[in-house]
There are 2 protein chains.
Amino acid sequence: MRKDGDVLKAAQLYYLQDLTMDAIARELRTSRSTVSRLLATARETGLVQIEVRSSLDMAPELEHLIKKLFGVTAHVVPVPSSVGEAEALDRVALYAARTITPHVDSNAVIGVAWGATMSAVSRHLTSKPTHNSVIVQLNGAGNTHSTGISYSSEILHRFGRAYGARVEQFPLPAFFDHVETRQAMWRERSVERMLDLQSRMSMALFGVGSVESGYPSHVYAGGYLEREDLLSLAGHQVVGDVATYFFRADGSTDGIPLNGRSTGPSHEQLKKAPRRVCVVSGAGKINGLKGALAAGLVTELILDEKTARLLVES
Amino acid sequence: MRKDGDVLKAAQLYYLQDLTMDAIARELRTSRSTVSRLLATARETGLVQIEVRSSLDMAPELEHLIKKLFGVTAHVVPVPSSVGEAEALDRVALYAARTITPHVDSNAVIGVAWGATMSAVSRHLTSKPTHNSVIVQLNGAGNTHSTGISYSSEILHRFGRAYGARVEQFPLPAFFDHVETRQAMWRERSVERMLDLQSRMSMALFGVGSVESGYPSHVYAGGYLEREDLLSLAGHQVVGDVATYFFRADGSTDGIPLNGRSTGPSHEQLKKAPRRVCVVSGAGKINGLKGALAAGLVTELILDEKTARLLVES
DNA sequence: AAGCTGAATGCACGAACGTGCAGAAAGGGT
DNA sequence: ACCCTTTCTGCACGTTCGTGCATTCAGCTT
């Protein structure tokens, strides 16, 4: 259609030749408002990519400190202290979406977890068309009330749409009721295929769950865990999870029974991804986050300023 | 200094979080105008990169045609027919600069020719800091009147500054007076070093000279060639040059005497660069351009619309 | 400390921009 | 062919932005 060509031409004239929208409108024989809208679509569809490349030497103190203390590249999102937790999450998610997109390339295999944080991120993605990329779900999302498919698949599909990528769902509950079921399923070829895909991830994206999060993670509130499961987690000093795989404050996971029934990737499995981006918003996540860092799950960390301060002040 | 941090923070808040300049000004406790200026520096210094990724399927007819006829990726710069040749060149150069920059990466070796076109391109570069890159001069620039160093080095240094790259000059005349001098020099280690660098180019950037260009290329006007040289070129049906290495309409170069005295890269040498970007503005360049295409010197072509039309209508 | 000079800041104004709204155009079904 | 629904367009308005100019600030010299 005629439209696409106009979008491209407008983008070129505006971003590569610095014409005003007025001038472009005359060029394309249309109104300035239309040009404004053309440019908006150009940005939304990823035709125009805007990237902020913060070289480390100008990054603020905080990011240096985090790099030094935990060995991860941090992106501290400046969030005015006045805004509430919900809006802060939204800001961080927007920032994360914009930061991640430039690093997505063709032939990527991107593992994506689900949860409130990833959902927020997915809602802010701007598209960047790539070829032959795959979005792969990191862990099952079903619980006793629902198969969780619509919720988690919405997240995945937004990623898929943004990058023009194939979406591979993991249609399983988050936790099996019995260890044996997991063992059995893990020998199924359909599952093996997913695990194989997961082990070829070029990037993994996830939030973190924290057992005493004030703004509770899905897992701890949404009917995934029984009362006794929660007690068991507490008994094993669990502080949080990544993709429904639990760990203690020191990052250790041994002997936590629930992991035997979880569909989430073990740390060994997850660490096969060279790039592991963790998005965190909210001071309540601090304990889970520390555990995830101790476990070495994270290579890049995107978090709000307040949580970042908490992290380095410990 | 405090400044850098503010530039980064402003860029993040503006481009990654969509705040207005007003809001950012309050955040940084400064005036909106200052924020406007901070953002301007963020763009100039390459902290913010803006890229237009024109996927082929929405590219206009012309670019497809050129791809089909000549096998090169074309970027047709829309230039309103009202503007003069000088301004058209400027537009094309601006466009070229913006198009090239996103493809420059760390560890790149970039060969750059000189001439009116490359000079214009160099003036429009926006910076993008990279590590360990090198700008290497493709051909000598001296003539009987001057060593040409200041002219060509200005071009090279603008590239070097923009990408934070080392600059390797080629302090030779464009043409030797005697074939023997060239042969002798080509055995010098200093020259061998340059040639070695050139053969490791990841990208080459050049314009084209055309013998009947209305807006004459430097080479044909600037005292580089004697009267008899011009006659000799005409006698061998030369239509143009790339980096002072001449060719005929069919791209052939055999038996053109002047090439034996030229410091420019042979086609064999030039083609070692996987990416060879040719920038052309002005209908007068059409014959030279066709020759360059016939010789297979070009992998990417950036040119104005009028010349593009001429090219496909032949 | 005073004086000088160049850079950085804020103000104010005009230019450039985004968007709700109402009307026009384009589909889609009967 | 008609009507209905949906999408697209241009206008008008309020907002946001860039920049010349006067002022202040910071760094240096004497």
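Fair warning: this is a prediction, and the values are worked out from it, not measured in the lab.
Taking A:E51 as the reference, A:R53, A:P102, B:Q49 meet the side-chain contact (heavy atoms from CB on, under 4.5 Å) condition, with sequence neighbours excluded. Residues satisfying the side-chain contact (heavy atoms from CB on, under 4.5 Å) test with A:V134, not counting sequence neighbours, are A:R166, A:E168, A:L197. Among residues two or more places apart in sequence or in another chain, the salt bridge (charged side-chain N to carboxylate O under 4.0 Å, His left out) test is passed with A:R275 by A:E300. The salt bridge (charged side-chain N to carboxylate O under 4.0 Å, His left out) test applied to A:R309 returns A:E305, not counting sequence neighbours. A:S36 pairs by the side chain to side chain donor-acceptor pair (under 3.5 Å) definition with nothing, not counting sequence neighbours. Judged as a side-chain contact (heavy atoms from CB on, under 4.5 Å), and not counting sequence neighbours, the contacts of A:H131 are A:S106. A:R32 meets the salt bridge (charged side-chain N to carboxylate O under 4.0 Å, His left out) test with no other residue; sequence neighbours excluded.
At D:dG10, one or more side-chain N or O atoms of A:T34 fall inside 4.0 Å of OP1 or OP2 (strictly under the cut-off). Contact annotation: B:T30 reaches the phosphate of C:dG10 (side-chain N/O to OP1 or OP2, under 4.0 Å).
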When you compare the protein's N or O atoms with those of nucleotides 13-20 of chain C, which come within less than 3.5 Å of each other, and at what distance?
| unit_1 | atom_1 | unit_2 | atom_2 | d |
| --- | --- | --- | --- | --- |
| C:dC17 | OP1 | A:Y14 | OH | 3.0 |
| C:dC17 | OP2 | A:M21 | N | 2.9 |
| C:dG18 | OP2 | A:S36 | OG | 2.8 |
| C:dG18 | O6 | A:R32 | NH2 | 2.8 |

Heteroatom pairs (N/O) under 3.5 angstrom, protein to nucleotides 22-25 of chain C:
none

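A:T101 and A:Y163 form a side-chain donor-acceptor contact under 3.5 Å, judged by distance and modelled atom types alone.
Each salt bridge (Lys or Arg N to Asp or Glu O under 4.0 Å) pair with one or both residues in residues 8-19 of chain B, not counting sequence neighbours, appears once here: A:R98-B:D18. Note on residues 155-164 of chain B: pairs passing salt bridge (Lys or Arg N to Asp or Glu O under 4.0 Å), not counting sequence neighbours, are B:E154-B:R158.
When the C1' atom of D:dT16 is taken as reference, atom CD1 of B:I24 falls 12 Å away, rounded to whole Å. Atom CG in A:D6 sits roughly 13 Å away from atom P in D:dC8 (whole-Å rounding).
Overall bending of the helix from C:dA1-D:dT30 to C:dT30-D:dA1, expressed as the angle between end axes built from five pairs apiece, is 30° (10° steps).
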